[in-house]
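A short write-up of the structure that comes next.
Any value given below was found using the heavy atoms of this structure, including those in side chains, with hydrogens, waters and symmetry copies removed.
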Amino acid sequence: RKEVEQDPGPFNVPEGATVAFNCTYSNSASQSFFWYRQDCRKEPKLLMSVYSSGNEDGRFTAQLNRASQYISLLIRDSKLSDSATYLCVVAGGGSYIPTFGRGTSLIVHP
Amino acid sequence: SQTIHQWPATLVQPVGSPLSLECTVEGTSNPNLYWYRQAAGRGLQLLFYSVGIGQISSEVPQNLSASRPQDRQFILSSKKLLLSDSGFYLCAWNSGSTIETQYFGPGTRLLVL
């Protein structure tokens, strides 16, 4: 079983839609969770950290479910500029190095 | 504020030639440093990481090596490139614990022909 798994997509949605991505992780002792965004041919950039109580940043909401070992990212009112690959990252719990998922591709069309 | 630089931005090299990619971080001390490779359409593969000068941990045995000659400098090298070394090489840093947020440089796109 892979340590961090994501549906590669692509998720193809119209502008204004709400879209959600899930990411599952195998290490139940993991401590840190993040979502990164990677544009085509660019470096990954931190989108948001994921806190136990869940957190929101504008149109983006991240949630953590420790019991089921997954994190989620919800994007409301999708914009064309949201088109990118979204990477899930998990760290801690004996693994000193963050583990990246392979990413979920989002395409927002007019 | 902290910044991370990588060069060159792009590189085309023949098979069997040597490689040297450089990464430097400004605005912080004793960062943890990382080298990743991302092949076309693939995820990030951790190659090396370093928690201090002269300390290198290798995650994947291959024909690449890394060095950290100075606190904020991380170098990725190869004596003889293979076709399979083509990819997008990313340097990243974080501070404190290695499980903290990582920040990436702009990357080097390497094509081995």
Side-chain angles (χ1 to χ4, degrees), chain A residues 1-10 21 23-52 55 57 62 64 71 84-107, chain B residues 1-11 21 23 25 31-52 55-60 66 74 86-111:
Chain A
R1 180 182 173 185
K2 294 180 183 175
E3 293 183 53
V4 177
E5 292 198 59
Q6 295 183 251
D7 181 344
F21 310 135
C23 165
T24 59
Y25 60 95
S26 59
N27 185 348
S28 60
S30 296
Q31 299 163 268
S32 301
F33 307 89
F34 312 93
W35 283 103
Y36 279 72
R37 170 196 170 125
Q38 185 174 22
D39 292 297
C40 187
R41 301 178 70 82
K42 296 288 189 179
E43 73 273 24
K45 293 184 178 178
L46 178 69
L47 178 65
M48 55 198 305
S49 301
V50 186
Y51 303 120
S52 297
N55 47 300
D57 182 2
L64 168 63
I71 65 173
T85 297
Y86 291 84
L87 305 173
C88 166
V89 185
V90 176
S95 170
Y96 296 107
I97 305 302
T99 301
F100 283 75
R102 295 183 67 171
T104 297
S105 175
L106 171 65
I107 300 170
Chain B
S1 64
Q2 300 87 1
T3 55
I4 178 168
H5 304 278
Q6 284 187 249
W7 63 89
T10 59
L11 194 58
L21 303 181
C23 170
V25 181
N32 303 312
L33 297 170
Y34 308 81
W35 277 113
Y36 290 88
R37 177 171 62 202
Q38 189 174 40
R42 306 286 295 276
L44 286 171
Q45 179 187 31
L46 179 64
L47 302 174
F48 301 95
Y49 69 95
S50 170
V51 297
Q55 300 179 58
I56 308 293
S57 296
S58 174
E59 290 293 301
V60 183
F74 206 21
S86 294
F88 190 34
Y89 287 82
L90 289 156
C91 180
W93 74 274
N94 60 9
S95 59
S97 166
T98 55
I99 67 171
E100 298 299 322
T101 305
Q102 289 186 333
Y103 299 95
F104 287 83
T108 294
R109 200 160 296 279
L110 172 66
L111 178 61

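- Under the 3.5 Å distance criterion, the side-chain polar atoms of A/Glu3 are left unmatched by any main-chain donor or acceptor of A/Val90.
- Proximity to chain A (any heavy atom under 4.5 Å) is shown, for B/Phe104, by both the backbone and the side chain.
- B/Ser50 places a side-chain N or O within 3.5 Å of a backbone atom of B/Gln55 that can act as its donor or acceptor partner.
- Ranked by heavy-atom pairs under 4.5 Å with chain B, the first of A/Arg41, A/Lys42, A/Lys45 is A/Arg41.
- In this structure, the portion of B/Glu100 lying under 4.5 Å from any heavy atom of chain A is its backbone and not its side chain.
- Without hydrogens or angle criteria, B/Asn32 side chain to B/Tyr49 main chain gives no donor-acceptor distance under 3.5 Å.
- There is a side-chain donor-acceptor pair under 3.5 Å between A/Gln38 and B/Gln38.
- The part of A/Gln31 that comes within reach of chain B is its side chain, from C-beta onward, which places non-hydrogen atoms under 4.5 angstrom from that chain.
- Both the backbone and the side chain of B/Arg42 come within contact range of chain A, with heavy atoms under 4.5 Å apart.
- No side-chain N or O of A/Gln6 forms a donor-acceptor pair with one of A/Arg102 less than 3.5 Å apart.
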